[in-house]
Structure formats: C-alpha cells, structure tokens
Amino acid sequence: MIELRNVYIKYIPDFYTLYDISLIIKENTLFIGDIYSGANSLIRILSKIDTDYKGIVTIDDIILRDIKDKNLDLAYVSAEPYLFKSKSIFDNLYYPLKIRKVNNIEAKEKVEKLLIEFNIQKFPKKIKDMNISEQKILTLLRALARSPKYILLENFFENLDEKYLDLSQSIIDRMKESSIIIACENTDLKIPCYKDFTRVYLNAGSIVQSRS
C-alpha cells in the first residue's frame with residue numbers, strides 16, 4: 001500500500017504543482033491530467049526523482065524518504081525512454097537483474113523467455129536504430145523483467161505508434177500478474193489494459209474526482 005498525506009510540491013515560488021494531496025493506493029491506478037495538473041509530479045515523487053516536497057509518503061508503511069534506492073521495490077518507466085544506447089537489447093534487459101544480484105542463469109533465462117514471448121527479435125539489433133516506440137516497448141519490458149511490487153508508467157502511450165499498441169497492452173497485462181501499476185496519462189485513455197484501473201482525476205494540483 002502507498003499512502004500520501006498532505007503532500008505539496010512547487011517548482012516555482014508562486015505556484016503549487018501539487019496542493020495538499022492525500023490518498024491511498026492499493027490497486028492499479030491511473031492518474032489523469034495535463035502537464036499542469038500535477039499527475040506527472042505524483043509519479044516523480046514516488047520514483048524519488050522529485051524529493052523537495054512537503055508532507056509524508058509511505059510505501060508499505062515505511063516513509064519513502066527513509067527507503068534506500070536499492071531497497072525500493074519499484075520500477076519507473078519514464079515518458080522519455082532511457083536505455084544504454086551502446087548495449088544490446090539483451091544487455092539492457094539483463095543489467096537491472098544483474099545489479100540486483102539475481103542468479104546469473106535465472107536472469108538470462110528470464111530475459112530470453114521475454115524476448116521470445118513478445119517477439120522482440122523483430123526489433124533492430126542496435127538500440128540506436130530503434131524508433132521511439134520500440135525503445136518505449138523495451139523500457140516496458142525491462143520493468144516486467146524485474147517484477148517489482150510497484151511499476152510506475154509516465155505517459156507511456158504518449159507518442160506511441162498505434163501499431164505497437166497491442167504489444168504494449170499485452171506487456172502491461174502481464175505486469176498485472178505480479179505488480180501494482182501506477183500510471184499517469186494526459187487524458188482518460190479508453191484502452192483495454194487500463195479498463196480495470198482506479199481513476200484519479202487531477203486539475204491544477206488537486207484531486208477533482210476519484211472512481212474505481
């Protein structure tokens with residue numbers, strides 16, 4: 001369970017991007033709001049990218065500020081894909097498992113199975129030759145490979161080529177089997193993988209509506 005209590009954040013002196021946010025997240029949740037709504041800031045706070053906020057955030061009853069990065073059971077899929085451009089597809093998926101000391105054989109088998117299951121072999125061999133949508137798919141698959149308790153998706157479907165929509169949704173559906181997904185999007189996307197998500201609508205830094 002993730003809980004936010006009286007959370008405020010502002011990036012400029014006279015404007016709160018989030019204003020007195022209090023909520024509990026126990027299930028797959030979609031935050032909906034434009035760039036000025038604060039939805040992205042919620043994702044960035046949970047990922048520990050934005051740390052200059054007021055209020056309390058806890059993950060499984062532990063204060064987020066007290067959790068060391070290496071102990072944070074969470075994967076963050078940013079809006080802009082971040083990959084090792086000089087590494088192979090395999091190495092990009094394998095590295096997060098390696099640094100977390102997952103058994104070498106087990107980690108390699110897991111990556112190979114995911115590459116086959118989602119037919120990633122059809123992608124270009126080199127990261128630098130991939131289009132943005134293919135890179136986004138790879139960051140999604142990297143989070144799935146880790147199978148953390150929580151996965152954050154930041155505007156994943158923004159600028160995603162429609163031909164990759166079904167593949168993306170199949171990966172997200174697999175994520176649901178082992179992780180709680182917390183996503184944000186600019187608009188309320190009526191796509192199947194988000195169908196069962198609790199929706200939280202934000203405007204100007206405040207929650208205006210929440211529904212399951």
Side-chain angles (χ1 to χ4, degrees), residues 2 9 11 17 29-31 34-35 38-53 57 59 64 67-102 107-108 110-112 114-115 117-165 167-172 174-175 178-186 189 193-194:
I2 295 176
I9 191 169
Y11 302 107
T17 302
T29 301
L30 176 62
F31 292 108
D34 63 21
I35 190 171
N40 291 69
S41 293
L42 281 170
I43 298 294
R44 292 173 64 85
I45 285 173
L46 295 177
S47 67
K48 297 187 74 175
I49 290 176
D50 287 350
T51 58
D52 190 18
Y53 59 89
V57 180
I59 296 183
L64 179 59
I67 303 175
K68 294 182 179 179
D69 290 351
K70 67 177 182 179
N71 296 327
L72 188 60
D73 195 10
L74 178 153
Y76 168 52
V77 180
S78 58
E80 295 296 325
Y82 174 78
L83 296 163
F84 297 112
K85 299 295 176 68
S86 62
K87 300 288 187 180
S88 67
I89 290 176
F90 180 92
D91 287 340
N92 271 274
L93 299 185
Y94 174 71
Y95 180 75
L97 302 178
K98 178 182 178 181
I99 63 173
R100 288 170 176 81
K101 303 187 185 305
V102 176
K108 289 181 176 180
K110 188 170 189 177
V111 170
E112 291 287 1
L114 289 175
L115 293 175
E117 178 181 353
F118 295 103
N119 197 23
I120 303 302
Q121 294 94 326
K122 66 183 179 182
F123 283 18
K125 300 295 183 183
K126 297 181 179 180
I127 305 298
K128 67 182 182 65
D129 295 328
M130 291 182 180
N131 59 44
I132 292 298
S133 293
E134 289 166 339
Q135 291 182 40
K136 287 169 79 77
I137 292 289
L138 202 57
T139 60
L140 200 63
L141 205 59
R142 182 174 58 191
L144 175 60
R146 280 186 53 195
S147 299
K149 183 170 183 179
Y150 303 98
I151 295 178
L152 308 178
L153 304 182
E154 182 185 34
N155 294 103
F156 180 81
F157 289 97
E158 185 177 49
N159 300 323
L160 183 77
D161 191 304
E162 188 175 351
K163 72 178 182 179
Y164 296 96
L165 186 59
L167 176 57
S168 299
Q169 292 193 90
S170 64
I171 296 173
I172 290 173
R174 279 275 274 106
M175 286 177 167
S178 57
S179 304
I180 294 173
I181 302 173
I182 304 166
C184 74
E185 298 287 351
N186 291 325
L189 299 178
C193 69
Y194 283 159

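The aromatic rings of Y94 and F90 lie parallel to each other, with less than 30° between the two planes, well short of the 60° mark.
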The test is salt bridge (charged side-chain N to carboxylate O under 4.0 Å, His left out); show your working for K149 and D73 and say whether it passes.
CA-CA 6 Å; K149 183 170 183 179; D73 195 10; over 6 Å; no
Y76 vs L46, side chain to side chain contact (heavy atoms under 4.5 Å, CB included): CA-CA, chis, key distance, verdict
CA-CA 9 Å; Y76 168 52; L46 295 177; over 6 Å; no
D161 and N131: side chain to side chain contact (heavy atoms under 4.5 Å, CB included), yes or no, with the steps?
CA-CA 10 Å; D161 191 304; N131 59 44; 6.0 Å; no
Working for side chain to side chain contact (heavy atoms under 4.5 Å, CB included), residues S168 and L160:
CA-CA 9 Å; S168 299; L160 183 77; 3.4 Å; yes
Does the pair R174 and L114 meet the rule for a side chain to side chain contact (heavy atoms under 4.5 Å, CB included), with working shown?
CA-CA 11 Å; R174 279 275 274 106; L114 289 175; 3.8 Å; yes
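Between the side chain of K110 and the main chain of L97, no donor-acceptor pair closer than 3.5 Å is present. Checking side-chain atoms of K85 against main-chain N and O of K126 turns up no donor-acceptor pair under 3.5 Å.
Counted within 6.0 Å of CD on E162, heavy atoms from surrounding residues, nucleotides or ligands total 12 or fewer; the atom is thus considered open.
A donor and an acceptor atom, one from each side chain of S41 and Y53, are nowhere located under 3.5 Å apart.
Side-chain contact between F118 and I137: absent, with no pair of heavy atoms (C-beta onward) separated by less than 4.5 Å. Between F156 and C193, every side-chain heavy-atom pair lies at or beyond the 4.5 Å cut-off.
For Y164, the ring pair (Phe, Tyr, Trp, His ring centres under 6.0 Å) criterion is met by no residue, not counting sequence neighbours.
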